[in-house]
2 protein chains.
Amino acid sequence: MNADVQDCILLFGDSLTQGGWEPHDVYARKLDVINRGLSGYNTEWSIPVFEQFFAKSKIQETLPKVQLMTIWFGANDACLKPSPQHVPLPTFSANLSKLINFVKSPSSPYYCSSTRVILITPPPVNTLQRGSLLAARDPPRVLDRDFDVTQQYAEAVKEVGKKEGVPVVDIWTSIWEAAGKVEKDLSKYLNDGLHLNADGYAAPIQFVYDGLIEAIKESYPEIHHEALEFVFPRWDEVANSEDQLKSLTKKNALTGK
Amino acid sequence: MNADVQDCILLFGDSLTQGGWEPHDVYARKLDVINRGLSGYNTEWSIPVFEQFFAKSKIQETLPKVQLMTIWFGANDACLKPSPQHVPLPTFSANLSKLINFVKSPSSPYYCSSTRVILITPPPVNTLQRGSLLAARDPPRVLDRDFDVTQQYAEAVKEVGKKEGVPVVDIWTSIWEAAGKVEKDLSKYLNDGLHLNADGYAAPIQFVYDGLIEAIKESYPEIHHEALEFVFPRWDEVANSEDQLKSLTKKNALTGK
């Protein structure tokens, strides 16, 4: 495809991102949505991955621009030692800052002036549900996550957001409050104590989606879907145009020109 | 993003494509799926659009490769005169051939040796359902599509596929047979007489999805999702690797190298 036709929203994270919760419909014909969710990954592993998929500044001009990058890690960093997924809390915070500054710091080789960033907190863990699922495995496994520890990682995301001036979608709090702050009632929202249910009324996926759209509206209104133009016009605009071919000229979704 | 990280599947078509039916899950971390569905568009309008979004051969090297392009038009071309969406049958066939040869003919400026093509037929029209919906509009509208005419456009897609040596997913026949070849029973599959229901048991979206995966398996087995590697490894491969950083080196999804 041609580089300058449609810019994109880049979703970067772990299985929660890979599982899909993508605002495809509202951004159709405006921005592409690219999923870079890597199940099981922590921020430590995310850094060399980022360095291989995000274009360096000098070649960005020939590629679709990333207008927004969501960063959603923490669920695996918060694994308890000796899990190989565990990343210590201070390192987790430093890694998030590093990911943000890859695109926001003018001295970074990946600096991209068009890339806005939104952080997302990991969801709460239902250790009752996850504990019994892990115990039922063959061989049985001990609990690899802790409610309070994951909460600390969620808090750390909010602190990094404040420090770096980046908006945060606090899905931890949305889901915890929806469950009435009762751990066992998280089972309504988490299908295995860890991952978000995609189906059903008030599905937590909807919290993430709504939270993201709201954060965009508040912090980056210029890329809210309603503020963007179609890259190619509505069919009735083509049909009613005196010069149909000319009417089919692509536009920039942000400027409409 | 970096050009060479993840190639893509490009879905090109009208509202049926824009509505979304995307094999994201099975191609996650292997190929990106890019939607270029343009509601209401016919093949006549699709040509200048293609010329603006598909990279010319000389710059393809710097961009993600299109490994597969689906072409799904006809539902609007088959509109009855004087609809501005109407495209005469011979022109429709010629336009489909033109789209195919944009990428397959070595003399085309858009020639791309990696781009495989799959055609999809338009679904049957339920004129009983669509007719009453249009009559109920304010002001009322006359029926703009005809069962037999759309069937001819579906047949034409199959003929173009044969002529050009391109596989065809015949969704027209799948849905018609599923409805027991009774027009009124198409209402199980079409929510307005024209567009496919996305929900429910044996949803027609599933026919398209299954038909596409089957066509890939039969004609292009090298890009069937099960034949592709993850671009970045599974997390447990990273965790168990002696050199984690080295294990995180991206691979080509098709070659695994």
Which residues share a ring pair (Phe, Tyr, Trp, His ring centres under 6.0 Å) with A:His86, sequence neighbours left out: none
Smallest separation among heavy atoms of A:Ile120 and A:Thr70, with atom names: CD1-CB, 4.2 Å
Residue B:Leu245 versus chain A: region with a heavy atom under 4.5 Å: side chain
Salt-bridge contact A:Asp32-B:Arg36 (side-chain N to carboxylate O under 4.0 Å): yes
With B:His195 via side chain to side chain contact (heavy atoms under 4.5 Å, CB included) - residues at least two apart: B:Ser15, B:Leu16, B:Asn191, B:Asp192
Residue list, side chain to side chain contact (heavy atoms under 4.5 Å, CB included) with A:Glu51, at least two apart or on another chain: A:Ile47, A:Pro48, A:Phe102, A:Tyr110
Residue, of B:Phe50, B:Trp235, B:Phe232, that accumulates the most heavy atom pairs under 4.5 Å with chain A: B:Trp235
NZ/NE/NH1/NH2 to OD/OE distance under 4.0 Å, A:Arg130 and A:Asp144: yes
For the student: nearest non-hydrogen atoms of A:Tyr220 and A:Val117, plus distance: OH-O, 2.7 Å
Among B:Asp14, B:Thr249, B:Asp236, residue most engaged with chain A (heavy-atom pairs, under 4.5 Å): B:Thr249
Per-residue contacts, residues 73-85 of chain A versus chain B, heavy atoms under 4.5 Å: A:Pro84, A:Gln85
Nearest heavy atoms of B:Leu194 and B:Pro123, plus distance in Å: O-CG, 3.9 Å
Residue selection (most heavy-atom pairs with chain A, distance under 4.5 Å) from B:Val231, B:Asn240, B:Leu38, B:Asn42: B:Leu38
